[in-house]
Amino acid sequence: QSVLTQPPSVSAAPGQKVTISCSGSTSNIGNNYISWYQQLPGTAPKLLIYENNKRPPGIPDRFSGSKSGTSATLGITGLQTGDEADYYCGTWDSSLSAGHVFGTGTKVTVL
Amino acid sequence: QVQLQESGPGLVKPSETLSLTCAVSGYSITSGYYWDWIRQPPGKGLEWIATIDRSGNTHYNPSLKSRLSVSVDTSKNQFSLKLSSVSAADTAVYYCARSPGSSGWSYYFDKWGQGTLVTVSS
């Protein structure tokens, strides 16, 4: 089971904004960088955000990331139908069961 | 352009060993980065499996460690996964990925393969 908790789903109308939270602890989010991934139906995940708030080349600035304490947030503005996907947060967990961990995943629905 | 491609049997019998290979093109494994395996059971979330570097140093998911073996073949620019004593719970889409990292830690996954579905069934 994942140690990072995300809401199962969020939804909004086209053009609106959604935020997705990712909650963890001091052994993971609290002391390590967070990354975010978009997984369109039937495809592999794609890196959206790395090192908390950096976007890889080609990722529009409609996608943004932030971190505070043991939580992180992904924001999507100007929502488009093509944004309908599953979104996962990820980071390293430096506890006794060390390893890379992912969030539970959030389904974004464009109404 | 960096590309990763998984290959291996799509069906494995219970108690047998699952074997997959990830071929990397457009980038030499010897140039750096870490190389990872990640899986996703049908309809479920992502689970990191293991990391390996160009020298063959590995870091395994503690929950799978006793059944795992990951290796790298720099001459073929590929890396491989072996998971023994599989059960239905190991049925998943298996992805290989590239990650920047340090000291055995994968920071994030910037390139992914398309994934391959492995079903464990008799």
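Since this is a predicted model, take the numbers as computed values, not measurements. Throughout, a chain's letter reflects where its sequence line sits, starting with A, and its residues are numbered from 1.
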Does any heavy atom of chain B fall under 4.5 Å from the side chain of A/P56, the backbone, both, or neither of them? neither
Spatial distance of atom CD1 (A/I76) from atom CD1 (A/I20) [nearest 0.5 Å]: 5.0 Å
Close side-chain approach of B/S121 to B/L11, heavy-atom, < 4.5 Å: yes
Using side-chain heavy atoms (C-beta onward) and a distance below 4.5 Å, is B/L83 in contact with B/I49? no
Check: residues 16-24 of chain B side-chain donor-acceptor pairs under 3.5 Å, at least two apart:
unit_1, atom_1, unit_2, atom_2, d
B/S19, OG, B/K82, NZ, 3.3
B/T21, OG1, B/S80, OG, 3.2

Could you check if a side-chain atom of B/P9 sits within less than 4.5 angstrom of a side-chain atom of B/V118, using non-hydrogen atoms only? no
Side-chain heavy-atom pair B/N77, B/T30 within 4.5 angstrom cut-off: no
Would you mind checking chain B against chain A for donor-acceptor pairs under 3.5 Å and listing them?
unit_1, atom_1, unit_2, atom_2, d
B/Q40, OE1, A/Q39, NE2, 2.8
B/Q40, NE2, A/Q39, OE1, 2.9
B/Q40, NE2, A/Y88, OH, 3.2
B/Y95, OH, A/Q39, NE2, 3.2
B/S106, O, A/H100, ND1, 2.8
B/F109, N, A/Y37, OH, 2.9

